[in-house]
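These numbers were taken from a predicted model, which means no experiment stands behind them. Start at 1 with the first residue, then count along the sequence.
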Amino acid sequence: MRLILAAIGVVLLGSSVAWAQTKKAPTAPATRAGVEAALTKEGRPIAPADVQAMGKDADLVLIDIVRDAQASAALRGRAIDALAASGSVVARDQLVRIVKPTQNEVELAMVRRALLGLGWLHDGRILANAGPWLEHDSAAVRLDAAVALALSKNPEGIEMLEKHNRREKDRDVKQKIQRLIDNNRPAQPAPKPVSKPRILPPPPLEGRDSTRF
């Protein structure tokens, strides 16, 4: 019996040590090849868990991909989406840096995805970054900027959309922005119920002025 208990103790001790080692094992650093392989798995949006699974400091690898002009536009775009899914301080700062004036169509597509990422993250800098793009010549760019502001759920962003929509010339864009405004306008507090005037019962007979009858 003692031998059996001793054997069980050894097994349990070995399992505990193995579990502790597994728990304390550091996450392997992300690699360019591994991150690119994860980004090319199309079929669904990138989730925060997907970025974590890429490895330690995956954000830094994603930034390298975004900055790589030799990488395909599709890969760079997915990297921007992954930065938005990460939501880290480093990722947010990079999204802000992407948003800058450009005449290049590929870079403009990157700007649009970065704006949507900032809006989805409810980043407070979305107001200053998306506002100017509401005046862009491209209707598609204006609409993406509007969607980004609506995604942010920021009341000031909705006010910005309302102000812009009063001068928007494209009828289709105007209608879509109006739907964004209607769907994301902050809920107004319910009005306080009006209290009914209190009706006092008549005084008892005794004590009334008998001369009035």
Quick check: closest heavy atoms across Leu121 and Gly87, and the distance to 0.1 Å? CD2-CA, 3.8 Å
Considering only heavy atoms from C-beta outward, does the side chain of Leu62 approach that of Val35 to under 4.5 Å? yes
So, do Ile177 and Glu162 sit near enough that their side-chain heavy atoms are less than 4.5 Å apart? no
Charged N-O contact under 4.0 Å between Arg167 and Glu135: yes
Would you list the pairs meeting salt bridge (charged side-chain N to carboxylate O under 4.0 Å, His left out) in which at least one residue belongs to residues 45-68, sequence neighbours left out? Arg32-Asp68, Arg44-Asp50
Applying salt bridge (charged side-chain N to carboxylate O under 4.0 Å, His left out) between Glu168 and each of Lys176, Arg142, Lys174, Lys163, report the one that passes. Arg142
What are the two closest heavy atoms between Ala84 and Trp120, and how far apart are they? O-CZ3, 3.3 Å
Is there any side chain to side chain donor-acceptor pair (under 3.5 Å) pair reaching into residues 106-117, and which pairs are they, with sequence neighbours excluded? Arg76-Glu107, Asp81-Arg113, Arg112-Asp144
With a 4.5 Å limit on heavy-atom distance, are the side chains of Met110 and Thr102 in contact? no
Any heavy-atom pair between the side chains of Asn183 and Gln178 that's under 4.5 Å? no
Does any N or O in the side chain of Asn165 come within less than 3.5 Å of the main-chain N or O of Leu161, such that one atom is a donor and the other an acceptor? no
Taking Leu151's backbone N and O only, do any of them form a donor-acceptor pair with His122's side chain (distance below 3.5 Å, no angle check)? yes
Any side-chain heavy-atom pair from Leu149 and Met160 closer than 4.5 angstrom? yes
Taking the side chain as everything from C-beta on, heavy atoms only, tell me whether Val96 gets closer than 4.5 Å to Asn129. yes
Answer yes or no: is there a donor N or O on one side and an acceptor on the other, between the side chain of Thr40 and the main chain of Glu36, under 3.5 Å? yes
Side chains of Leu115 and Leu95, heavy atoms from C-beta outward: is any pair under 4.5 Å? no
Do Gln175 and Arg171 come within less than 4.5 Å of each other through their side chains, counting heavy atoms only? yes
